Structures are given as structure tokens and as C-alpha cells.
Amino acid sequence: MAFPTDFTWGAAAASYQIEGAAYEDGKGLSVWDMLCRQPGRVWSGHTGEVACDHYHRYEEDITLMRDLGLKAYRLSISWPRVLPEGRGAANEKGLAFYDRLIDGLLAAGITPFVTLFHWDFPYELFLRGGWLNPDSSDWFAEYARVVVERLSDRVRHWMTLNEPEVFIGLGHQIGVHAPGLKLGWAEVLRAGHNALLAHGKSVQAIRAAAKTPPLVGYAPVGSVAYPASDSPADIAAARQAMFSVHDRNLFCNVWFADPIFFKRYPEDGLKLFGADAPPVGAGDMDIIGQPLDFYGVNIYQGMAVKAGEDGRPVLIPHAVGHPQTANRWFVTPECLRWGPRFLYERYQLPVYITENGLSNVDWVSLDGQVHDPQRIDYTARHLRALHQAMQDGVDVRGYFHWSIMDNFEWAEGYKERFGMVFVDFITQQRVPKDSAIWYKNVIASNGANLL
Ligand code: IFM
């Protein structure tokens, strides 16, 4: 069986990671603009001020995407570019940029998949308490409405939040991402609850304001446990590991998904967090639990699990020398077979892989090309595993490679190169890597050359 003819072959990026133009055309400040100014926060003092200068070079970038044959591009909108104060008056120049970007993509035959929030929270609203402010969900819904009113005549695919596990966990608990807070668990979980409310209210806003029938999802992190063997016991153990809260940690799938799909926090999580669990207002879960059209999920790696003597999950450590990417993530293609499968079984929605990819040590070789065989091999293995999931019966609609181009990798600055297109951050020259040429053939053959 080949990939379905309407399979969405895509690639992704996010506003702060590529746009640059941090202080142009009326854009407001974001928490990332401010974190980057603090010495020691970002590797080598890098910032997203210029990034890939996509704000000025989007036409060239769209041409690169078109040359690759991309069917879809996942982008995010910068909240403070649209609403410099986070709420109130909209910035016409900011909205006009997204108009041009969307129009350019459509003219190139590329479907835009738009994420409303990929971490560049308006600094003005952070000063008013950020995600801890009970009004934050209304602020976000107001912003969603402005964007949807403007773009929904041309955009149908929407995602609300990217990786709440990360912007709440790394941003508010561990403090290595913006806004750089190290809060106690009660506040962390309250911020997370407000983000879930923001998700729910923005889904309502999208559906109310959309000018064409919208397809709405979000894009959490998939923390994948995959079975060490195909035995039913190992499969059951991996499933259990994927859907339980095993320690005080937000990377567990269920904390940010069960409220959306089942209108409740997971029991084991509530037990574990005890008095720190967030207060849930009457009606909150009905707001959070808005019906969605697809389950977007960002998956990079997984952990092998087997059934212990009592059937309970036992994590199997990776063997010495197990393949790793440049940033030391383990290469585990099985995650793209079992992650979508378990998520589809539990949440019963079509799945999009909204991110998957790797950091690699790429440079321009003497021949002027960028040779990245690891990226080709990693992506081929993961796409084959995803295809296996589809053969197992999982309704997978598309795959977005992270990332279309090298970009600002948050606290790691420009140290990590995740792109299929190489970016020289001094000259802003783009060079499609070998993987881009390979992916072009994957798309052109609709995946036939993978199988
Ligand atoms: O670059 C990030 C992206 O912003 C969110 N998901 C993971 C990627 C790689 O770390």
C-alpha cells in the first residue's frame, strides 16, 4: 500500500525562530525578545532579532518551498506583531505581512497550516501576569479572533497552541525558556490550566469568526513509549506508559490532552500533584473540551518499554552507542509507528505529525553543497515507521518536517541546525541541503521511493 494520494507532505517553522524584524513595522515585544537580552540565557548570546530574516525574504523562502514541491507549510503568527500590546489595537502592518505570506503560499500551491501561538507571548501581557492572569484566556481568544477574521478567507487549517508542555514546563517551571520563571507547581499548573482555557476559547473564536469551514487542532509534544516487542504484553505496557503521569513532569501526553478530549485531568496526575493541582472553575472543562478536527503532534523520539513481571511498564535504557542526533536526542523511528497509533486509539481523531526532524552538524562543503545523510536516513526511517502506523489502521493525514530551514533554536540559539534548507546566518544565503532534494523526490513520488 502506498501513501494516500491526498497525504499532506509538509514542513514547518515558527514566527520567532525565523522572522527576525523584531522591532519593525510596529511589532510589540515578546517574552522571547526580552529573555534574549538577558546575558547567559541563550547560547552564545544569540537572539531572534534577525533570525532568518524571513520577514523580508519570505518570497525567496516560498520559492524554495515551491521548488521542493511542498504541499503544505506550517507557520505561526507572532501575537505581538499583530497586537503589539497583546490586546486592543491591531497592527495593520503586522497583519499585512501575514496577508502577503498566505497569498504567496497559495499562489505557489502550498496550503498554509497556521499555529496561533508558538511561544512569542506579548511582553506587555507578561507584565500583567502572563499565563497566570485569569484573563489570559480571554486575551488569547481576542487575538485569535483578530487573526481569524483577517486570514480565514484563505486559511482553513488552524492550530491553537504549540507544545504547552514546553512553554509552561520549560518557561514557567524549569525556567530555561521565556519567560524564564521557576515557579512552584501550584502556579505552574495554574498557568497550564489558563493555557488550556485559552485553547478552548480560541477554538470557539475560530469557529465563530471563520469565513471558510475551519479544521482545528493543536500541537502538543508526543512523549512516546513504544513496545520493546510486538507481544501483546509489551504493547499494553507501552500504552500504559504513554498515558500515565509517572512523576511531577508535564511531558506525559495526558495532562494537556485528557482535559481537551475527556473534560477531566487524569486521575493519576491529580493524585501526584495533590494540593498543587489547579482549581477548576465550574464550566472550565466544557470550555476546554471543544471538539477538534485533528490531533496534531510533535514527535522526535521515544523510549522502549516492556512489560515487567506484574505487567507494569519497565523502561528499557538505550544501549551504549545507540544512535543520537547532534543535540543528543536518541534516534528511535519506532516512535512514529507507535506514537500516532496509541494517540489515535485513545483520542480517536485523524493525526497530523506537526513536527519531526533532527538537529545535525551541517555546513557548506567544498563543492558548495550541504551533505546531510543523517537527515535523509532519519527522515526515511521515521516516514517508513509512520507508513507502518497507517498500515496498522491509523488515520494519518500528513507529515510536517521540522524544519523547512535552519533557525533560532530557542535557548540553544543557532547552535542546532534542524533545517532541510541551510541558512548562512551572516549572509542570509539559503542552500537546499541534500535532504531537501531527497524530500522533493519523496513528495514527487508520494512516498513510493521510501517503501
Ligand atoms: O524548534 C523546536 C520547535 O520550536 C518546537 N518543537 C521542537 C523543535 C526542536 O527543538
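Both ligands and their constituent atoms are indexed starting at 1 by order of listing. Quick caveat: nothing in here was measured; it's all calculated off a predicted structure. Atoms considered below: every heavy atom in the structure, side chains included; atoms not considered: hydrogens, waters and symmetry mates.
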* Asked: Any N or O on Asn162 sitting closer than 3.5 Å to an N or O of ligand 1?
  -> no
* Glu355 N/O under 3.5 Å from ligand 1 N/O -> yes
* **Carboxylate-amine/guanidinium contact Asp258 Arg346, below 4.0 Å** => yes
* Pairing of Glu345 and Arg239 as salt bridge, 4.0 angstrom limit -> yes
* Trp329 near ligand 1, heavy-atom distance under 4.0 Å? -> yes
* Just going by heavy-atom distances, which of Phe418, Trp119, Tyr300 is nearest to atom 8 (C) of ligand 1? -> Tyr300
* atom 1 (O) of ligand 1: which of Glu409, His177, His118, Glu163 has the nearest heavy atom? -> Glu409
For a quick test of your reading: what N or O donor-acceptor pairs under 3.5 Å do the side chains of residues 180-196 make, sequence neighbours left out?
| from | atom 1 | to | atom 2 | distance (Å) |
| --- | --- | --- | --- | --- |
| His193 | ND1 | Tyr265 | OH | 2.7 |
| His193 | NE2 | Asp284 | OD2 | 2.8 |
| Asn194 | ND2 | Trp131 | O | 2.7 |

* Asked: Do you know which two heavy atoms are closest between Phe273 and Arg248, and how far apart they sit?
  -> O-NH2, 3.1 Å
* Asked: Does the cation-pi check pass for Arg154 over Tyr98, that is, NZ or CZ under 6.0 Å from the six-membered ring centre and within 45° of its axis?
  -> no
* To do: Would you mind running through ligand 1 and noting each atom that sits below 4.0 Å from a heavy atom of Trp410?
  => 1 (O), 2 (C), 3 (C), 4 (O)
* Backbone N/O of Thr332 and side chain of Gln301: donor-acceptor pair under 3.5 Å -> no
* Which bit of Glu416 gets closer than 4.0 Å to ligand 1, counting heavy atoms only: side chain, backbone, both or neither? -> neither
